[in-house]
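No hydrogens, no waters, no symmetry mates; every other heavy atom, side chains included, goes into these values. Keep in mind it's a predicted model, so treat the numbers as computed, not measured. For the single chain, residues carry numbers from 1 onward in sequence order.
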Amino acid sequence: MMSDFLSADEIRASFSAAMSAMYRNEVPAYGTLMDLVAQVNDDTLARQPALRERLDATDSLDRISEERHGAVRLGTAAELAMMRRVFAVMGMYPVGYYDLSTAGVPVHSTAFRPVGAAALAHNPFRVFTSLLRLDLIADEELREAAGRILAARRIFTTGAVALTEKAERDGGLARADAERFVTEVLETFRWHREANVDAAMYHRLHEAHRLIADVVSFKGPHINHLTPRTLDIDQVQALMPEHGIAPKAVVEGPPTRKCPILLRQTSFKALEESVLFPGGDGTHRTGSHTARFGEIEQRGVALTPKGRGLYDQLLDEVRKLVRPAADGSNARAYEAALARVFEAFPDDWAAIRSAGLGYFSYSLTEKGKAAALSGPCEVETLIAQGLIRFDPIVYEDFLPVSAAGIFQSNLGDGAQQEFVASPNQKRFEADLGASVLNEFEHYAGIEQASLQACLDMLTRRSAAE
Ligand code: OOG
Ligand code: NI
């Protein structure tokens with residue numbers, strides 16, 4: 001019976017809460033970060049009553065500091081395809097394709113996320129999901145060994161698979177099954193201190209790329225970070241050291257602005273954790289591995305292809321001037337260059353809109369609600385007359401250069417490795433077993449629908465007169 005099912009939104013919310021509890025428990029520094037974020041968010045709201053009022057109306061203030069995303073790295077096409085089915089039960093669908101090979105990370109990725117406004121508002125949790133690209137490993141023998149190791153592991157419990165199949169068959173899960181589903185699926189993301197490979201293999205994989213070792217050496221794709229939302233990322237970045245956590249050198253993404261665009265994010269550096277390598281004779285060798293960290297994010301307006309083109313071009317310019325060093329030695333110079341170069345990106349909403357750089361959601365003003373159109377009218381005129389207002393649509397996706405920066409800062413400060421750029425969305429989608437949603441088309445659709453709704457309301461009212 002349909003009505004007995006827990007909604008996908010509720011299952012996702014419960015999964016996100018369970019993941020948060022597990023991760024805080026596994027990585028205590030993450031709990032410290034969460035506390036810091038909550039404190040800075042409270043301070044920011046106290047200092048900015050207008051912001052508090054706006055968020056209260058739109059963003060459920062009591063959940064403002066909850067997780068917005070996490071990330072995992074998978075090893076095989078079969079793992080990715082099953083992950084897609086598992087996330088679908090929670091109302092999370094693949095949006096966007098990110099090629100990280102250009103940035104020296106041998107993976108390509110998508111983000112599983114809720115798609116509609118209502119689903120995002122209920123619980124925005126997303127998982128940035130990467131698939132290892134063994135085809136980018138040069139050493140053929142190692143590539144085959146890694147492939148064999150990955151093919152032999154099972155990252156989903158039989159319960160998780162069975163409940164996913166049940167949800168697909170019945171069109172949902174009733175409460176007790178949904179609760180079991182969350183518990184079973186959580187197992188996939190758990191940390192395993194005991195490696196899947198011996199120390200020698202770990203070191204060979206590590207030599208090829210630290211990320212390859214992280215994906216191949218373990219029983220499952222441990223969640224590698226969770227990310228709450230901050231209302232003041234610069235403040236949290238500045239306060240991290242006082243709280244005993246080491247931030248990465250610079251905040252990724254655009255500079256601090258009056259009108260935030262896209263996504264700014266930063267993280268604390270991954271912890272060195274002790275792991276056990278099986279010796280083959282029942283004994284274990286102790287070693288260490290760095291993989292898990294904590295991140296924060298602050299989001300701004302979604303940009304159109306034109307706006308994104310400008311963003312990419314400016315960021316490229318900045319990085320030609322100063323490439324942020326992992327040790328933070330040129331962080332100030334990088335920030336200064338970022339701020340200076342981005343002066344070329346308009347910093348007021350009307351200018352961003354009229355230049356066609358961002359996506360906006362349109363609605364009728366009080367005056368607009370009382371008005372009726374006598375004939376066809378230009379949108380620009382309706383805005384100028386104060387009948388229609390526009391508000392920025394929040395960017396809900398990710399940025400490849402930023403993602404690479406987050407990856408890199410958590411893979412250690414060693415030399416960056418070069419790969420030939422080789423985006424392969426077709427291959428990724430074949431492995432996924434579905435195509436990914438194009439994020440630009442998605443935002444354009446939201447914008448268009450909001451505008452059409454305004455025009456319909458205005459003309460319907462005049463037709464009724
Ligand atoms: C994922 C890094 C990407 C983000 O926020 O851009 C990411 C990873 O390190 O696995 O999560
Ligand atoms: Ni992240």
field: Check: Ile155 main-chain N/O paired with Arg153 side-chain donor or acceptor under 3.5 Å
entry: no
task: Under the side-chain hydrogen bond (donor to acceptor under 3.5 Å, both in side chains) rule, what do Glu67 and Ser16 come out as? Steps first, then yes or no, please.
output: CA-CA 7 Å; Glu67 279 79 6; Ser16 164; 4.8 Å; no
query: Is there side-chain contact between Tyr334 and Arg323, with heavy atoms separated by less than 4.5 Å?
result: no
- line: Between Val105 and His209, the two heavy atoms sitting closest are CA-NE2, 4.3 Å
message: side chain to side chain contact (heavy atoms under 4.5 Å, CB included), that's the test. Do Val107 and Arg73 meet it? Break it down for me.
response: CA-CA 8 Å; Val107 305; Arg73 304 156 183 169; 5.7 Å; no
- request: Measure the CZ-CG distance between Arg204 and Asp139 for me, rounded to the nearest 0.5 Å.
  value: 6.0 Å
task: Step through the shown structure and confirm whether more than 12 heavy atoms of other residues, nucleotides or ligands are within 6.0 Å of CZ on Arg63.
output: yes
message: As an exercise, state the distance from CG of Asp347 to SG of Cys259, rounded to the nearest 0.5 Å.
response: 4.5 Å
- request: Would you check if the side chain of Arg299 reaches a backbone N or O of Tyr395 as a donor-acceptor pair within less than 3.5 Å?
  value: yes
field: Pair listing, salt bridge (Lys or Arg N to Asp or Glu O under 4.0 Å) test, anchored in residues 243-256, at least two apart
entry: Lys248-Glu252
Run the side-chain donor-acceptor check on residues 36-51: report pairs under 3.5 Å with partners two or more places apart or on a different chain.
from  : atom 1 : to     : atom 2 : distance (Å)
Asn41 : OD1    : Leu231 : N      : 2.8
Asn41 : ND2    : Ser65  : OG     : 2.9
Asn41 : ND2    : Arg229 : O      : 3.1
Thr44 : OG1    : Val40  : O      : 2.6

query: Within a radius of less than 6.0 Å around CZ of Arg427, do more than 12 heavy atoms belonging to other residues, nucleotides or ligands occur?
result: no
Closest approach of Ile212 to Pro106 (non-hydrogen atoms, all atoms of both residues): CG1-CG, 4.2 Å
field: Closest approach of Pro28 to Glu26 (non-hydrogen atoms, all atoms of both residues)
entry: CD-O, 3.5 Å
- request: Taking the side chain as every heavy atom from C-beta outward, state whether Thr365 and Ile388 have any atom pair closer than 4.5 Å.
  value: no
message: Run Phe189 and Val72 through side chain to side chain contact (heavy atoms under 4.5 Å, CB included) and show every step you take.
response: CA-CA 8 Å; Phe189 297 88; Val72 285; 3.4 Å; yes
Phe345 vs Ile261 side-chain heavy atoms within contact, under 4.5 Å: yes
query: Which value, rounded to the nearest 0.5 Å, describes the distance between Leu74 atom CG and Thr76 atom OG1?
result: 7.5 Å
Closest non-hydrogen atom pair between Lys219 and Ala195, with its separation: NZ-O, 4.3 Å
query: Under the side chain to side chain contact (heavy atoms under 4.5 Å, CB included) criterion, do Arg133 and Asn424 qualify, and how do the steps go?
result: CA-CA 10 Å; Arg133 295 185 63 180; Asn424 197 342; 4.0 Å; yes
- prompt: When you measure from the centre of the six-membered ring of Phe398, is the NZ or CZ of Arg264 under 6.0 Å away and within 45° of the axis?
  reply: no
query: When the ring planes of Trp191 and His289 are compared, do they come out parallel, tilted or perpendicular, using 30° and 60° as the limits?
result: parallel
field: Leu33/Phe268 under side chain to side chain contact (heavy atoms under 4.5 Å, CB included): CA gap, chis, key distance, verdict
entry: CA-CA 9 Å; Leu33 179 68; Phe268 68 75; 3.9 Å; yes
task: State, to 0.1 Å, how close Ala29 and Ile245 come at their nearest heavy-atom pair, and which atoms those are.
output: CB-CG2, 3.8 Å
message: Distance check, rounded to the nearest 0.5 Å: Ile446 atom CD1 versus Leu451 atom CG?
response: 13.5 Å
- prompt: Short question: side chain of Tyr311, backbone of Lys306 - any donor-acceptor pair under 3.5 Å?
  reply: no
query: Within the distance-only criterion (no hydrogens, no angle test), does the side chain of Thr183 pair as donor or acceptor with the backbone N or O of Glu179 below 3.5 angstrom?
result: yes
- prompt: Quick one: does NZ or CZ of Arg353 land under 6.0 Å from the six-membered ring centre of Phe390, within 45 degrees of the ring axis?
  reply: yes
field: Test item: side-chain donor near acceptor, Asp234 and Thr256, under 3.5 Å
entry: yes
- prompt: Any idea how Phe428 and His108 line up, ring-wise: parallel (<30°), tilted (30 to 60°), or perpendicular (>60°)?
  reply: perpendicular
- prompt: Is the gap between the ring centers of His192 and Phe218 under 6.0 Å?
  reply: no
- request: Taking Glu79 for its side chain and Gly75 for its backbone only, find out whether a donor-acceptor pair lies under 3.5 Å.
  value: yes
query: Looking just at side-chain N and O atoms, do Ser7 and Asp9 make a donor-acceptor pair shorter than 3.5 Å?
result: no
query: So, for Phe128 and Phe112, is the gap between ring centers shorter than 6.0 Å?
result: no
- request: Indicate yes or no for a side-chain donor-acceptor contact from Gln298 to the backbone of Ile233 under 3.5 Å, with no hydrogens or angles considered.
  value: yes
- line: So salt bridge (Lys or Arg N to Asp or Glu O under 4.0 Å) across residues 392-405, not counting sequence neighbours, yields Arg113-Asp397, Arg126-Glu396
- prompt: Which pair of heavy atoms, one from Ala249 and one from Gly328, lies closest together, and at what distance?
  reply: CB-CA, 3.6 Å
field: Thr227: which of His69, Glu297, Gln265 passes side-chain hydrogen bond (donor to acceptor under 3.5 Å, both in side chains)
entry: His69
query: Do side-chain atoms of Asn330 reach the backbone of Ala333 as a donor and acceptor pair under 3.5 angstrom?
result: no
message: Assess the residue pair Glu335 and Arg332 against the criterion (salt bridge (Lys or Arg N to Asp or Glu O under 4.0 Å)); give the C-alpha distance rounded to whole Å, side-chain angles, the decisive distance to 0.1 Å, and a yes or no.
response: CA-CA 5 Å; Glu335 279 161 14; Arg332 295 293 89 78; 3.1 Å; yes
query: Does any N or O in the side chain of Glu429 come within less than 3.5 Å of the main-chain N or O of Val436, such that one atom is a donor and the other an acceptor?
result: yes
- request: Give me the ring orientation class for Phe87 and Phe15: parallel if the planes are under 30° apart, tilted from 30 to 60°, perpendicular past 60°.
  value: perpendicular
message: If I take atom CG from residue Leu120 and atom CZ from residue Phe125, how far apart are they, to the nearest 0.5 angstrom?
response: 13.0 Å
- request: Before giving the answer on salt bridge (Lys or Arg N to Asp or Glu O under 4.0 Å), spell out for Asp56 and Arg54 the whole-Å C-alpha distance, their side-chain angles and the decisive distance to 0.1 Å.
  value: CA-CA 5 Å; Asp56 201 21; Arg54 184 162 64 73; over 6 Å; no
Short side-chain to backbone donor-acceptor contact, Asn224 and Ala291, under 3.5 Å: no
query: Is the closest side-chain heavy-atom distance between Pro400 and Thr102 below 4.5 Å?
result: no
- request: For the pair Arg292 (side chain) and Tyr23 (backbone), establish whether a donor and an acceptor sit closer than 3.5 Å, ignoring hydrogens and angles.
  value: no
field: Trace of the side-chain hydrogen bond (donor to acceptor under 3.5 Å, both in side chains) decision for Glu272 with Thr290
entry: CA-CA 5 Å; Glu272 190 167 321; Thr290 46; over 6 Å; no
task: Check the side chains of Asp214 and His222 for a donor-acceptor pair under 3.5 angstrom, ignoring hydrogens and angles.
output: yes
Heavy-atom neighbours of Glu187 CD exceed 12 at 6.0 Å: yes
- request: Please tell me if the side chains of Pro247 and Pro241 come closer than 4.5 Å, counting only heavy atoms from C-beta onward.
  value: yes
Over 12 foreign heavy atoms within 6.0 Å of CZ, Arg319: yes
